[in-house]
Amino acid sequence: LWDHQQIVEGLAMVEVALRHHRPGPYQIQAAIAALHVEPATAAETDWRQIAILYNELSRYLSNPIVTLNHAVAVAMAVSPDAGLRLIEESTLRKSLAGHHVFHAALADLLCRAEREAEAAAAYQEALGLCRNAVETRYLQRQLASLASSCLLYTSDAADDLLCVDLGGRRIIKKNKTIFTLTLHPRH
């Protein structure tokens, strides 16, 4: 998928640009991209540095996507809850409500925070907004993966979601309110 020679060439260009000690939005974005492609595995990604760079980028490009990317990087560097707090403290929910990328990122962070019912609702919202076939299949796989750890039921109403996990808890989301009930064990 990735052309290793072009990656090496691009990394060299980033190093030259950063030696000028006058970073601008393009240099910062290039440095972020470099931090994503340099590690051999995703687990080796330097999320702390990426979070710092997104914070710096926000000085040049103050827009909701940069803010969302910063929150995701913080979630990966610190904790999902830290990233979710940044999302809640910002105006992202309002400004990106019609964008599937926001809901997909939110769903991923909610999954990482073990808030499955909310994550499922966010994945469903993302699926409803997504117009790209490849991204739709990805979101469907993520929702299916989430469903493998709990049984999901949805109604026709977009704000109703019922999730029964295998541990005997029923989590019901109704109009953005989460209720948790304890069930009797299944026989």
Would you check if the side chain of [X] reaches a backbone N or O of [Y] as a donor-acceptor pair within less than 3.5 Å?
X: His103; Y: Ala97; result: yes
X: Ser145; Y: Arg141; result: no
X: Ser79; Y: Ala82; result: yes
X: Glu88; Y: Leu84; result: no
X: Thr45; Y: Trp47; result: no
X: Tyr54; Y: Val72; result: no

Tell me whether Leu106 shares a hydrophobic cluster with Leu143, the cluster being built from Ile, Leu, Val, Met, Phe, Trp, Tyr side chains joined at under 4.5 Å.
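No; Leu143 is not reachable from Leu106 via cluster members.
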Let me check something: do Phe102 and Tyr138 share a hydrophobic cluster, defined by ILVMFWY side-chain heavy atoms less than 4.5 Å apart, either directly or through other members?
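No.
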Can we say Glu56 and Arg59 salt-bridge, meaning some charged N sits less than 4.0 Å from an Asp/Glu carboxylate O?
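Looking at Glu56 and Arg59, the cut-off is met.
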List the atom of His100, the atom of Leu139, and the distance in Å for their closest heavy-atom pair.
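Nearest heavy atoms, His100 then Leu139: CD2-CD1, 4.4 Å.
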Testing the basics here: between Ala104 and Tyr123, what is the closest heavy-atom pair and its distance to 0.1 Å?
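It is O-CE2, 4.2 Å.
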Is there a side-chain contact between [X] and [Y] (heavy atoms, below 4.5 Å)?
X: Thr67; Y: Leu96; value: no
X: Glu89; Y: Leu86; value: yes
X: Leu35; Y: Leu53; value: yes
X: Met76; Y: Ile50; value: no
X: Leu146; Y: Glu116; value: yes

If we ignore angles and hydrogens, is there a donor and acceptor under 3.5 Å between the side chains of Thr41 and Glu44?
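Result is yes, a qualifying pair exists.
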Mind running salt bridge (Lys or Arg N to Asp or Glu O under 4.0 Å) on Arg112 and Asp108 for me, showing each step along the way?
CA-CA 6 Å; Arg112 291 172 190 276; Asp108 181 70; 2.7 Å; yes
Look up atom CG in Asn69 and atom CG in Leu61, then write down how far apart they are to the nearest 0.5 Å.
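The distance works out to 11.0 Å.
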